[in-house]
Amino acid sequence: VLTGLAALKTPEARLTELKRILAKNPTDPVGRGKLVELLVNLDMTESAMAEATKLRRDGLASPKVLEILCDLRCRRYG
């Protein structure tokens, strides 16, 4: 997954491709974690927080996703 995404030139193109991939395998925790990272990079913080929260709730959040979620909550709630 990451090799193909890295080849795409813009973050928007990576987001489109990742969403296409996740449509086929929506429970992939690695792909969903990558989605969280990409959403943060695109300043789509509400969507990133929602996805990270779902991963945490489902017990699928990686340490990186948990770190991002904590950072997003700190920004939001100060």
Side-chain angles (χ1 to χ4, degrees):
V1 171
L2 299 180
T3 303
L5 291 176
L8 299 172
K9 296 191 185 279
T10 67
E12 293 80 9
R14 287 190 285 278
L15 180 60
T16 299
E17 180 62 12
L18 185 55
K19 285 183 176 183
R20 186 189 67 75
I21 292 167
L22 286 173
K24 294 179 184 176
N25 191 5
T27 60
D28 174 25
V30 175
R32 289 173 62 196
K34 186 64 180 168
L35 177 62
V36 171
E37 292 180 47
L38 193 51
L39 290 169
V40 169
N41 290 337
L42 289 167
D43 288 325
M44 299 174 73
T45 56
E46 292 300 317
S47 296
M49 186 180 291
E51 186 63 32
T53 300
K54 288 177 196 173
L55 283 166
R56 183 177 160 267
R57 177 200 65 204
D58 296 343
L60 300 172
S62 68
K64 179 67 175 174
V65 168
L66 292 174
E67 178 183 351
I68 291 170
L69 181 58
C70 287
D71 289 345
L72 291 171
R73 286 182 174 174
C74 283
R75 283 189 221 164
R76 184 180 207 186
Y77 301 113

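Quick note: numbers below take in every heavy atom, side chains included, and nothing from hydrogens, waters or symmetry partners.
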Next on the checklist: Test question: given the 4.5 Å side-chain rule for I, L, V, M, F, W and Y, name all other residues clustered with Leu66, or answer none.
Outcome noted: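 Noted: Leu66 shares its cluster with no other residue.
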Item to check | Any donor-acceptor pair under 3.5 Å from Arg14 side chain to Leu8 backbone | outcome: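 Indeed, once roles are kept as given, a pair shorter than 3.5 Å links the two residues.
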Under 3.5 Å, which donor-acceptor pairs link side chains of residues 38-54 to any protein atom two or more places apart or in another chain?
{"unit_1": "Asn41", "atom_1": "ND2", "unit_2": "Glu37", "atom_2": "O", "d": "3.4"}
{"unit_1": "Glu46", "atom_1": "OE1", "unit_2": "Arg76", "atom_2": "NH2", "d": "3.2"}
{"unit_1": "Glu51", "atom_1": "OE2", "unit_2": "Arg32", "atom_2": "NE", "d": "2.6"}
{"unit_1": "Glu51", "atom_1": "OE2", "unit_2": "Arg32", "atom_2": "NH2", "d": "3.2"}
{"unit_1": "Thr53", "atom_1": "OG1", "unit_2": "Met49", "atom_2": "O", "d": "2.7"}

Checklist entry - Taking only residues two or more places apart in sequence, or in another chain, which ones meet Arg20 in a salt bridge (charged side-chain N to carboxylate O under 4.0 Å, His left out)? => result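 Here the qualifying residues are Glu17.
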Checklist entry - Who passes side chain to side chain contact (heavy atoms under 4.5 Å, CB included) against Asn25, sequence neighbours left out? => result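 Partners of Asn25 by the side chain to side chain contact (heavy atoms under 4.5 Å, CB included) criterion, ordered by chain and then number, come out as Thr27, Asp28.
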Item to check | Test log, rule side-chain contact (heavy atoms from CB on, under 4.5 Å), inputs Leu15 and Thr10 | outcome: CA-CA 9 Å; Leu15 180 60; Thr10 67; over 6 Å; no
Item to check | Transitive ILVMFWY side-chain link Leu55 to Ile68, under 4.5 Å | outcome: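 Same cluster: Leu55 reaches Ile68 through Ile, Leu, Val, Met, Phe, Trp or Tyr contacts under 4.5 Å.
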Checklist entry - Honestly curious: do Leu60 and Leu69 fall in one hydrophobic cluster under the side-chain, below-4.5 Å linking rule? => result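 Same cluster.
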